[in-house]
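Because the structure is a prediction, the values reported are computed rather than measured. Note that these values count all heavy atoms, side chains included, but never hydrogens, waters or copies made by symmetry.
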Amino acid sequence: LCRGAARPADQAPHFHDEYVISLQLRGEAACRVGGESLRLGPGDFVLINPQQVHAAEAPRVGEEAESEYVTLYVEPRLVAALLDDVEGETTCPEFVTAHAPRRGDLARKLLEILEVAADDGDPTSESTRAAVEGAMQELLVAIFEDFSNLRIPMQRSTARVGHRKVAQALEFMRSLPRADGSPRPTTEELAAVAGLSKFHFIREFERHVGMTPGAYLRMLRLTEATRLLRATQLRVSDIALNVGFADHPSFSRSFTRTMGMTPVAYRRIWAD
């Protein structure tokens, strides 16, 4: 759970391994998800599938830049476990719409979670954890019921890649190790996996996925870095080497450009 005062307008296209469920609390904002530009107002949700490319967009001229939002990052395994317990479903659904406008009922559920966590002097207490988990379960079930292909598996996901050969290369890239420092495949090698010429592959990959193949490979390693920043106490320099960057400065520059904050600031948010 992450709360922010403004969506970073200079953020590069990126993705997360988790589902992203973001509620605009105050002011207006804009973002791009799966090639679609979205304008957000208070009470609007943005729903993003794991590894779906997205980015914040700069405010329009004259548009109020002040805004506030709250974002849930939900691991797919937790969604699968939740839906198995509640719905008897064993597969992870995907969102079929990226924009859920003016859902005051869902916004109230999310705000209740924030209030419960804030009202207790000890957010790690058993009573608080139970209350938050119960409210979170209710919120997630409602969102996946209304905006995913939970009930209609054949319904098209917003993260679906329409080009079969690009999708083939994408699955290959996702299967690669992220944290062993092994060399990345070249663009020529990826084009061969897709069965396309190098330049045709680059053009089609960027059009259907939302970033270049090289940027996608780099982002896969950065998502592993975010996991390590959240879940371990490893030094940032060790994380940089672990995920295949040459040194701490190059990792920090890439992370900041993509995530809109330094690795240290990112870790601090999750520690809080």
Side-chain angles (χ1 to χ4, degrees), residues 1-27 29-31 33 40 44-58 65-79 107 110-125 128-129 132-133 135-136 139-140 178-179 218-240 242-243 245 248-272:
L1 181 61
C2 178
R3 189 167 188 160
R7 300 179 190 274
D10 57 349
Q11 195 177 51
H14 66 288
F15 57 81
H16 306 272
D17 282 338
E18 302 83 15
Y19 292 95
V20 178
I21 299 170
S22 188
L23 168 65
Q24 187 72 16
L25 295 174
R26 179 175 58 86
C31 64
V33 180
L40 310 173
D44 288 0
F45 278 85
V46 179
L47 307 173
I48 305 170
N49 289 298
Q51 297 185 347
Q52 184 172 17
V53 177
H54 59 282
E57 293 187 335
E66 283 274 325
S67 69
E68 186 179 10
Y69 67 96
V70 61
T71 301
L72 290 172
Y73 297 90
V74 188
E75 293 186 18
R77 64 180 179 83
L78 297 180
V79 172
L110 182 50
L111 292 175
E112 285 173 13
I113 295 170
L114 293 175
E115 289 170 5
V116 169
D119 286 346
D120 196 302
D122 180 11
T124 64
S125 69
T128 300
R129 288 178 64 89
V132 169
E133 287 174 6
M136 189 74 74
L139 172 67
L140 292 177
R178 302 190 196 181
R218 184 168 58 253
M219 193 65 228
L220 285 171
R221 300 212 180 220
L222 287 174
T223 57
E224 177 63 12
T226 63
R227 186 190 70 79
L228 293 172
L229 287 166
R230 295 195 306 267
T232 76
Q233 295 302 312
L234 287 171
R235 294 183 304 173
V236 173
S237 58
D238 291 335
I239 291 175
N242 193 303
V243 300
F245 283 82
H248 184 174
S250 62
F251 166 68
S252 187
R253 284 194 300 271
S254 183
F255 190 98
T256 303
R257 184 170 59 249
T258 302
M259 305 305 294
M261 65 184 76
T262 66
V264 171
Y266 181 89
R267 172 173 270 171
R268 189 180 300 121
I269 287 175
W270 288 90
D272 293 343

Engineer: Evaluate the side-chain proximity of Val46 to His54: yes if any heavy-atom separation is below 4.5 Å, no if none is.
Structural biologist: no
Engineer: Got a sec, which residues hit side chain to side chain donor-acceptor pair (under 3.5 Å) with Ser237, two or more places apart in sequence or on another chain?
Structural biologist: none
Engineer: How long is the gap from CD1 on Ile239 to OG1 on Thr226, to the nearest 0.5 Å?
Structural biologist: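 So the gap between those two atoms works out to 9.5 Å.
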Engineer: On the 0 to 90° scale, with breaks at 30° and 60°, tag the Tyr266-Phe255 ring pair as parallel, tilted or perpendicular.
Structural biologist: perpendicular
Engineer: Could you pull out the closest heavy-atom pair between Thr262 and Thr256, with the gap in Å?
Structural biologist: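 Of all heavy-atom pairs spanning Thr262 and Thr256, the closest is CA-OG1, 3.4 Å.
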Engineer: Should the pair Glu224-Arg227 be classified as a salt bridge under the 4.0 Å nitrogen-to-oxygen rule?
Structural biologist: yes
Engineer: Going by side chain to side chain donor-acceptor pair (under 3.5 Å), name the residues that satisfy it together with Arg218, two or more places apart in sequence or in a different chain.
Structural biologist: none
Engineer: Has the side chain of Gln24 got a donor or acceptor atom that lies under 3.5 Å from a matching backbone atom of Arg26?
Structural biologist: yes
Engineer: For Asp17, enumerate each residue passing the side-chain contact (heavy atoms from CB on, under 4.5 Å) test, keeping only those at least two apart in sequence or located in another chain.
Structural biologist: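 Partners of Asp17 by the side-chain contact (heavy atoms from CB on, under 4.5 Å) criterion, ordered by chain and then number, come out as Gln51, Arg178, Thr223.
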Engineer: Quick one: side chain to side chain donor-acceptor pair (under 3.5 Å) partners of Glu133, sequence neighbours excluded?
Structural biologist: none
Engineer: So, using salt bridge (Lys or Arg N to Asp or Glu O under 4.0 Å) as the criterion, who are the partners of Arg230 when residues are at least two apart?
Structural biologist: Glu18
Engineer: Does Arg267 form a side chain to side chain contact (heavy atoms under 4.5 Å, CB included) with Thr232? I'd like the steps, not just the answer.
Structural biologist: CA-CA 10 Å; Arg267 172 173 270 171; Thr232 76; 4.0 Å; yes
Engineer: In chain order, what residues pass the ring-ring contact (aromatic ring centres under 6.0 Å, His included) check against Phe45, with sequence neighbours excluded?
Structural biologist: none
Engineer: Any donor-acceptor pair under 3.5 Å linking the side chain of Ser252 with the backbone of His248?
Structural biologist: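 Checked: no pair found.
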Engineer: To the nearest 0.5 angstrom, please state how far the OH atom of Tyr19 sits from the CG atom of Asn49.
Structural biologist: 6.5 Å
